[in-house]
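In the text below, chain A, chain B and the rest are named by the order of the sequence lines, each starting its count at 1. Just so it is clear, the model here is predicted, and its values are computed rather than measured.
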Amino acid sequence: MDYKYLAELLFPHVTLGPEDMEKRYPPRNLPEGAVVSRHAPSPTGYVHLGNIVQSLTSERVCHQSGGVMYLRIEDTDTKREVKGAVGALIDSLAHYKIKFDEGATADGEIGAYGPYRQRQRRDIYHVYAKHLVLQGKAYPCFCTAGELEAIREHQRAEKANLGYWGPWAVWRDRPFEDIENALKADRPWVLRFRSSGSIKNKYKFYDLIKGEIDITENEIDIVLLKSDGIPTYHFAHVVDDHLMRTTHVIRADEWIASLPVHIQLFRALGFKLPEYAHIGPIMIMDGSSKRKISKRKDPQFGLIYYKKSGYPVEAVYEYVLTILNSNFEDWRRANPDAPAEKFPFSLRKMNPAGSLFDAAKLSDISKNVVSKMTADKIYADLLEWAKEFEPPFATALSADPEYAKAIISIGRGGKKPRKDYGTWAELREYMRLFYYDTFTIVDKYPEGADKDDIKATLKRFLETYDPADEQGVWFAKIKSIASSLGYAAEMKEYKANPGAWRGSVADISMFLRVALTGKLSSPDMYAVMQILGKTRVRQRLEAMLSRLG
RNA sequence: GGCCCGUUGGUCAAGCGGUUAAGACACCGCCCUUUCACGGCGGUAACGGGAGUUCGACUCUCCCACGGGUCACCA
């Protein structure tokens with residue numbers, strides 16, 4: 001077989017060789033130990049938790065080592081592409097504090113190792129494709145989809161391993177005339193790799209997360225170039241990561257199955273193998289069994305879910321960090337106020353298995369994160385959220401920022417801040433009672449509550465109520481109402497002998513609380529009254545009075 | 001079916017031949033307390049099964065079971 005002639009026939013337009021590529025993309029000038037890695041999504045327009053998990057891992061490893069993090073767009077599958085997806089992806093990731101040093105941008109790119117969109121790298125792949133043909137390591141295959149399916153059918157019947165390999169690789173050793181004729185007939189072709197591997201050969205490989213794994217050599221003649229001349233993932237991965245001088249390939253572990261192919265290609269092309277780190281999938285509880293979290297069934301997988309629910313980005317960031325490196329929690333306790341970026345992230349601490357998505361944990365982290373924010377920051381984030389998802393609420397918030405901030409400030413700061421809400425949607429519910437238009441009685445008075453006592457409490461409170469009272473004076477008044485109605489003013493006395501009173505000051509407080517907040521539970525009632533102000537307090541108490549008749 | 005990965009309490013997980021097998025979330029109880037939230041104290045709860053190796057296995061080896069991934073001109 002005259003490989004040189006075949007190569008010219010297949011790639012007449014390719015004049016450059018691998019050495020030209022080496023010159024164009026020289027090794028990076030980085031200090032020892034600097035990691036170069038990337039996020040390499042396909043632009044489907046759907047940004048999900050998996051994107052954060054993978055890109056955050058890469059980003060941390062790169063930037064902690066003084067290396068380079070870049071964004072490469074894997075747009076080799078034209079069918080899946082969605083316009084505007086790249087910009088949306090970059091925005092989303094930036095929102096979650098994941099920034100790139102080089103690579104694709106919404107409308108262009110930065111960096112010296114581009115292009116960073118694979119479809120624009122066609123000529124580069126063809127240089128290596130031609131080079132492989134020249135060496136007899138690749139050949140054209142003219143099988144149609146139907147023919148390939150027939151082969152698989154046959155293999156299933158014979159219980160043979162599926163795939164285009166060995167004796168089933170019908171174009172692998174075709175006479176040159178057949179190839180030439182097919183080419184002349186203008187039949188579409190793909191370029192396949194001529195595998196010299198055997199599934200009988202196994203060797204050990206070290207993955208940075210999984211540890212030592214067993215590799216069985218690949219013997220399938222995989223497709224390098226599709227019939228439109230665009231490379232498959234495998235070929236693009238090997239060429240790009242070599243030329244872009246990637247030192248660490250960090251990706252989801254569904255790729256581990258094709259690792260033998262990738263290693264094989266790196267060797268065939270004479271490239272140095274990068275380090276690999278395969279991340280376990282995020283699982284979800286489905287009934288009583290675990291399964292991989294899915295974009296179709298699980299809304300929590302899409303990042304839009306967190307935005308809509310109003311999870312602070314810091315909370316999602318910390319949650320993901322907790323999943324990736326569980327010692328992050330210990331670190332956080334030891335460094336409660338340090339930026340999360342200071343955490344020493346480590347691939348070695350990552351669990352080789354997939355971890356389960358835990359909504360309760362996210363919620364807990366979120367409450368803690370929010371409890372440490374300032375009222376100004378919360379107000380700003382809440383307003384931004386409301387503008388997008390609850391416009392009427394946004395209007396109410398903007399109408400009186402100081403009022404809103406006063407509500408947000410209840411129990412904030414100090415050593416033991418309240419943790420009432422972890423999301424902006426929860427905060428909106430929490431704030432509801434402060435906005436008269438949406439004020440509703442949610443909880444009724446309990447069965448045993450004496451209607452006359454309630455009315456008497458509200459009336460007497462109204463008579464003595466003075467917004468200027470200090471909290472001590474204010475509560476003393478409530479205690480005195482309790483005493484006058486036969487309720488214990490001191491809880492200790494009440495608990496010692498409950499039968500001696502009609503109830504306690506806790507009941508009296510509850511009478512007021514329901515009228516004031518519509519609920520049996522609320523934040524500190526003194527603070528609530530201070531914020532509501534004299535007018536609203538009177539209105540609500542009077543409204544309840546007239547309701548009770 | 002072939003190949004590969006995984007398996008410590010309900011969940012996230014420390015552990016890396018000798019531990020009373022951490023901690024966090026969730027749950028339960030008590031305390032604090034005018035309710036709630038916070039906080040404090042305490043509690044329930046785990047090494048998938050079986051053979052080895054070893055004086056000694058959660059830790060090493062093998063087999064099995066279960067869960068997951070992958071076998072495309074998708075990434």
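Base engagement by A:Gln471 is indicated by at least one non-hydrogen atom pair under 4.0 Å involving a base atom. At the heavy-atom level, A:Arg192 lies under 4.0 Å from the strands shown only through sugar-phosphate atoms. A:Trp189 comes within 4.0 angstrom of no nucleic acid atom, judged by non-hydrogen atoms across all strands. Looking at heavy-atom distances under 4.0 Å, A:Asn351 makes contact with sugar-phosphate atoms alone, never a base. Across all strands, A:Ser522 comes closer than 4.0 Å to base atoms (heavy-atom distances). Using a 4.0 Å heavy-atom distance criterion, A:Arg152 is classed as a sugar-phosphate-only contact. Across all strands, A:Cys141 comes closer than 4.0 Å to no nucleic acid atom at all (heavy-atom distances). When heavy atoms are screened at a 4.0 angstrom cut-off, A:Ile213 is found touching the sugar-phosphate backbone but no base atom. Residue-level contact check: A:Lys361 touches the bases, meaning some heavy atom is under 4.0 Å from a base atom. Nucleic acid contact for A:Glu254: base, since at least one base atom lies under 4.0 Å from a heavy atom of the residue. The residue A:Val223 sits close only to the backbone: its heavy atoms come under 4.0 Å of sugar-phosphate atoms, none of a base. Across all strands shown, A:Thr76 has heavy atoms under 4.0 Å from sugar-phosphate atoms exclusively, and none from any base. Residue A:Arg333 is in sugar-phosphate contact alone, with no base atom involved, counting any heavy-atom pair closer than 4.0 Å across all strands shown. Contact annotation for A:Leu259: no contact, since no heavy-atom pair falls under 4.0 Å across all strands.
Judged by atom type and distance alone, A:Ser227 reaches the base of B:C73 through a side-chain donor-acceptor pair under 3.5 Å. Contact of A:Arg513 with B:C36 (side chain to base): no donor-acceptor pair of N or O atoms is detected under 3.5 Å.
Relative to the side chain of A:Lys416, the nucleotides B:U70, B:A75, B:G39 differ in distance, and B:G39 lies closest. When each of B:C36, B:C3, B:U34 is scored by its nearest atom to the side-chain atoms of A:Ser521, the top-ranked nucleotide is B:C36. Each of B:U34, B:U70, B:A37 was ranked by its minimum atom distance to the side chain of A:Ala257; first place goes to B:U70. Closest approach to the A:Phe475 side chain among B:A75, B:C25, B:U34 is made by B:U34 (side chain taken as heavy atoms from C-beta onward). The side chain of A:Asn161 lies closest to B:G2, out of B:G2, B:C38, B:U34. Comparing B:U11, B:U34, B:C16 by their closest approach to the side chain of A:Asp358 singles out B:U11. Distance from the side chain of A:Lys226 is smallest for B:C74 among the nucleotides B:C74, B:C25, B:G68. Side-chain proximity of A:Ser509 to B:A75, B:U34, B:C4: nearest is B:U34.
With both pairing distances under 3.5 Å, B:U7 is matched to B:A65 as a Watson-Crick or G-U wobble pair. Across all strands shown, B:C36 forms no Watson-Crick or G-U wobble pair with both distances under 3.5 Å. In this structure B:A14 sits in no base pair that meets the Watson-Crick or G-U test at under 3.5 Å. Using the Watson-Crick or G-U wobble rule with both distances under 3.5 Å, B:C27 pairs with B:G43. Base pairing of B:U19 is not made with any nucleotide, judged by Watson-Crick or G-U wobble geometry with both donor-acceptor distances under 3.5 Å. In this structure B:U59 sits in no base pair that meets the Watson-Crick or G-U test at under 3.5 Å. Pair check for B:U70 finds B:G2; Watson-Crick or G-U wobble, both atom distances under 3.5 Å.
Contact annotation: A:Lys349 does not reach the phosphate of B:A14 (side-chain N/O to OP1 or OP2, under 4.0 Å). An OP1 or OP2 oxygen of B:C4 is reached within less than 4.0 angstrom by a side-chain nitrogen or oxygen of A:Lys202. Proximity of A:Ser371 to the phosphate of B:C38: no side-chain N or O atom is located under 4.0 Å from OP1 or OP2.
If you take atom C1' in B:C66 and the same atom in B:G48, they sit 8 Å apart, rounded to whole Å. The P atoms of B:G1 and B:C58 are separated by 32 Å, rounded to the nearest whole Å. Taking the C1' atom of each, B:U19 and B:C47 are spaced 13 Å apart, rounded to whole Å. As rounded to the nearest Å, B:A26 and B:U61 have C1' atoms that lie 38 Å from one another. Between the C1' atoms of B:C41 and B:U33, the separation comes to 16 Å (whole Å). For B:A21 and B:C4, the P atoms lie 36 Å apart once the distance is rounded to whole Å. Between B:U44 and B:G2, the distance separating the two P atoms is 45 Å to the nearest Å. For the P atoms, the distance linking B:G50 with B:U59 amounts to 12 Å, nearest Å.
Atom CZ of A:Arg80 is separated from atom C1' of B:C74 by 5 Å (rounded to the nearest Å). If you take CG of A:Leu427 and P of B:A37, they are 17 Å apart, rounded to a whole angstrom. One can place CD1 of A:Ile365 at 10 Å from P of B:A26, the figure rounded to the nearest angstrom. A straight line from CZ of A:Arg156 to P of B:G1 spans 15 Å, rounded to a whole angstrom. Per the geometry, NZ belonging to A:Lys492 stands 12 Å off P belonging to B:C31, to the nearest Å. Separating the OH atom of A:Tyr430 from the C1' atom of B:U35 is a distance of 13 Å, rounded to the nearest angstrom. One atom, NZ of A:Lys495, and another, P of B:C31, lie 7 Å apart when rounded to the nearest Å. Put simply, CG on A:Asn51 is 16 Å from P on B:A75, counting in whole angstrom units.
A cation-pi contact, defined as under 6.0 Å to the ring centre and within 45° of the axis, links A:Arg192 to A:Tyr164.
For A:Glu217 and A:Lys200, the salt-bridge test fails: no basic side-chain N is under 4.0 Å from an acidic carboxylate O. A:Asp75 and A:Arg80 are not joined by a salt bridge, as no carboxylate oxygen comes within less than 4.0 angstrom of a charged side-chain nitrogen. Salt bridge status for A:Arg194 with A:Asp221: absent, with no side-chain N to carboxylate O gap under 4.0 Å. A:Glu329 has a carboxylate O that lies under 4.0 Å from a charged side-chain N of A:Lys361, or vice versa, which qualifies the two as a salt bridge. A:Lys79 has a carboxylate O that lies under 4.0 Å from a charged side-chain N of A:Asp77, or vice versa, which qualifies the two as a salt bridge.
For A:Asn327 and A:Pro41, each mapped to the nucleotide of RNA chain B holding its nearest heavy atom, the one lying further toward the 5' end belongs to A:Asn327. Taking the nucleotide of RNA chain B with the nearest heavy atom to each of A:Ile199 and A:Trp474, the more 5' of the two is matched to A:Ile199.
Aromatic ring orientation, A:Tyr276 versus A:His278: parallel (interplanar angle below 30°, classes split at 30° and 60°). Using cut-offs of 30° and 60° on the angle between ring planes, the pair A:Tyr494 and A:Trp501 is tilted.
With A:Glu74 as the fixed residue, the side chain to side chain donor-acceptor pair (under 3.5 Å) test singles out one of A:His237, A:Arg117, A:Gln118, A:Arg119: A:Gln118.
The line from CZ of A:Arg333 to CG of A:Asn327 is 11.0 Å long, rounded to the nearest 0.5 Å.
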